[in-house]
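Both backbone and side-chain heavy atoms feed into the values below; hydrogens, waters and symmetry mates do not. First listed ligand is number 1; within each ligand, the first listed atom is number 1. Just so you know, these numbers come straight off a predicted model, no measurement behind them.
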Amino acid sequence: MKTALVFSGPASVETELLIIAAADSQTAKGKDAKPEPTLLTSDAAIQAAASAVLTTGEFKAGANETLLLHAPAGLAAKRLLLVGVGKQAKATPHAVRAAVGTAIRSAKPRGLRNAAFVLPELAELPAALTARAATEGAILADYDPDTYRSDRKDQSVYNFTLVASETNKADVESGYNEGVIVAESQNFARELVNEPGNKLTPTILGQRAAAMAKSHGLKAEVYSTEKLHELKMGAFWSVSQGSAEPPALIVLKYEPEGVTDGPVLGLVGKGITFDTGGISIKPADNMEKMKYDMAGGAAMIGAMRAIALLKPKVRVIGIVCAAENMPDGKAQKPGDVQTAMSLSADKPGKTIEIINTDAEGRLVLADGITYARSLGATHLIDAATLTGACVVALGMINGGAFSNDDATFEKFQTALATSGEKFWRMPLADEYYDMIRSDIGDIKNTGGRWGGAITAAEFLHAFAEDTPWIHLDIAGLAWIEENKPYIAKGPSGVGVRSILEWVRSYES
Ligand code: BES
Ligand code: MN
Ligand code: ZN
């Protein structure tokens, strides 16, 4: 999809599909209150073209509701698509993101190759955020996970135009530019997550990350087995030792010119390119889904891409611990004891008793977190498809979020307001840590059935220690099970937008 921003009146825009947002401006309550669909444009020609249908009651401007009109009178566009954002008083840029996405996804199967969206002007909708959300909605909606379909019909909308008036011109421009960068970065993450395990090994994930880094001016280093041994990353290595595919320790660095002090943000992603469970092997049903067990890593790579292009004034290190979790004669076994990487040269790392080889994400992340700290990270965020327990707790609506520092979490909460992603804070407490104390070593890698998302977080906490840290469990969000009106089922790219905003909140 190519995108453009034009400042002009909407009536003269030549396009196959002109998209206009509409809201329900009814404020009365009660069962007699009828919806009042109101177009979010002051343009008289558009108002006139849609006036007849708005009085019939067949379009209520509910969220993601659409109505298509052909050959609208007085407009240069071939079609006019009305799309609802719901109640006007509650209209948000997030509703606009979804509405534009819905419009683009309805254009795709119709074979329409170009579309334009008229930026709504409404007090509830700040210009920059709304322009950004609209642009994101279009680019995210155009993505379909059909790379490997030989009957792939190219149904992309080739050209998307955001149409705006000159009011708030600078805000609209910056919002639009950000929207393009952010959504393309999120789609980049989705492409990685969509790749099957045979096409995206840890080595190939490393190559893809390094190629991205090269084209956008990030430093990239991709290490493998030797470096893991050198750093004594016994936890990370224990996961990869059962695979014929070597691990990849992917390190991306963003070092803006002139920024030599202030925070160093460490982004650590779980990059299990396939999770069989290892010797504690998973059942066959749905195991194919475990190709998306690198979605946390992909989110970090996508976020680093957006950071490279948006250039915030803060240093960022992105680390992805990539490995394949396989059963094998050389695979680790339940009962094995592994020694994690240590932060200090004169003290060995924590010993981990492996109870279940399927709790592998926390093992690779433990060493990733320690490594980020050893490189000077002052604040950490990790993302991982870590536990099924998190999906049990929060469903596929909210991701789980954990933090050892309220001020750091506060910044993340603010980032969510911009990103529109949903995460719910879950507790940490010493009593949960007690559940993963080992009789044999320092810590064990599972804590039993109850509170599984929390004991997994406490495991990571033991390695983050006092460094301000946020853990995101995205197991329920990284893969969308059902088509939604505004986004395809498949890889979601969740995390990219929120992690990016959190990073930007540290700008000096
Ligand atoms: N990758 C899985 C978690 C997962 C489950 C991600 C469902 C996406 C969807 C993780 O490595 C895992 O296997 N976790 C185990 C932990 C258990 C053995 C303590 C789980 O959640 O069952
Ligand atoms: Mn697992
Ligand atoms: Zn896993």
Exercise. Under a 4.5 Å cut-off applied to non-hydrogen side-chain atoms, are K311 and Y254 in contact?
Worked result: yes

Exercise. Which is it for R449 and ligand 1 at heavy atoms under 4.0 Å: side chain, backbone, both or neither?
Worked result: neither

Problem set entry | Atom of E360 closest to the Mn ion (ligand 2), considering N, O or S atoms | OE1

Exercise. For the Mn ion (ligand 2), what is the closest N, O or S atom on D275?
Worked result: OD2

Exercise. Any idea which part of Y292 is under 4.0 Å from ligand 1, heavy-atom wise: side chain, backbone, both or neither?
Worked result: side chain

Problem set entry | Worked check of ring pair (Phe, Tyr, Trp, His ring centres under 6.0 Å) between F402 and F409 | CA-CA 8 Å; F402 301 80; F409 191 78; 9.5 Å; no

For this session: Considering heavy atoms of the protein only, find what lies nearest to atom 15 (C) of ligand 1 and give residue, atom and distance to 0.1 Å.
Result: D358 O, 4.1 Å

Exercise. With a distance cut-off below 6.0 Å to the six-membered ring centre and an angular limit of 45° from the axis, does R105 pair with Y486 as a cation-pi contact?
Worked result: no

Seminar exercise, completed: Which atom of D275 is nearest the Zn ion (ligand 3), counting N, O or S only? It is OD2

Exercise. Between R149, K489, K108, which is the residue that forms a salt bridge (Lys or Arg N to Asp or Glu O under 4.0 Å) with D144?
Worked result: K108

Exercise. Do W469 and D382 get their side chains close enough for a donor-acceptor pair, meaning under 3.5 Å?
Worked result: yes

Exercise. Between L500, L129, L309, L310, which is the residue that forms a side-chain contact (heavy atoms from CB on, under 4.5 Å) with E178?
Worked result: L310

Problem set entry | Minimum-distance N/O/S atom that D293 presents toward the Zn ion (ligand 3) | OD2

For this session: May I ask which of K282, K270, R362, M290 has a heavy atom nearer to atom 16 (C) of ligand 1 than the others do?
Result: R362

Exercise. In the protein, which heavy atom is nearest to atom 5 (C) of ligand 1, and how far is it?
Worked result: G388 N, 3.8 Å

Exercise. What is the nearest protein non-hydrogen atom to atom 10 (C) of ligand 1, stated with its residue, atom name and distance?
Worked result: L386 O, 3.3 Å

For this session: Decide whether E136 and Y176 meet the rule of one side-chain donor and one side-chain acceptor closer than 3.5 Å.
Result: no

Exercise. So which heavy atom in the protein is nearest atom 1 (N) of ligand 1, and how far is it from that ligand atom?
Worked result: D293 OD1, 2.8 Å

Exercise. At their closest point, which heavy atom of S243 faces which heavy atom of E324, and how far apart are they?
Worked result: OG-OE1, 2.6 Å

For this session: Kindly give the atom name of the N, O or S atom of E360 closest to the Zn ion (ligand 3).
Result: OE2

Exercise. Taking only heavy atoms of A475, which atoms of ligand 1 are found under 4.0 Å from at least one of them?
Worked result: 6 (C), 8 (C)

Exercise. Short check: is a protein heavy atom less than 4.0 Å from atom 21 (O) of ligand 1?
Worked result: yes

Seminar exercise, completed: Atoms of ligand 1 under 4.0 Å from any heavy atom of E360, numbered from 1 in the order shown, are 11 (O)

Problem set entry | Enumerated ligand 1 atoms positioned under 4.0 Å from heavy atoms of T385 | 1 (N), 2 (C), 3 (C), 6 (C)

Exercise. Can you tell me if an N/O/S atom from L386 lies under 2.8 Å from the Zn ion (ligand 3)?
Worked result: no

Exercise. Do L140 and R497 come within less than 4.5 Å of each other through their side chains, counting heavy atoms only?
Worked result: yes

Exercise. Closer than 2.8 Å to the Mn ion (ligand 2), do we get an N, O or S atom from D293, backbone or side chain?
Worked result: no

For this session: Among all protein heavy atoms, pick the one closest to atom 19 (C) of ligand 1 and tell me residue, atom and distance.
Result: T446 CG2, 3.5 Å

Exercise. Side chain, backbone, both or neither: which part of K289 has a heavy atom under 4.0 Å from ligand 1?
Worked result: neither

Exercise. Could you state the interatomic distance from CD1 (I470) to CG (L472), rounded to the nearest 0.5 Å?
Worked result: 6.5 Å

Exercise. Salt bridge check: are R425 and E410 linked by an N-O gap of less than 4.0 Å?
Worked result: no

Exercise. Nearest to atom 2 (C) of ligand 1, what protein heavy atom do you find, and at what distance?
Worked result: D275 OD2, 3.6 Å

For this session: Cation-pi check, K2 to F160: give yes when NZ or CZ is under 6.0 Å from the six-membered ring centre and within 45° of the ring axis, no otherwise.
Result: no

For this session: Using a 4.5 Å cut-off on heavy atoms from C-beta on, say whether the side chain of I436 contacts that of T446.
Result: no

For this session: List every atom of ligand 1 that sits less than 4.0 Å from any heavy atom of N356, numbering the atoms from 1 in the order shown and giving each element.
Result: 18 (C)

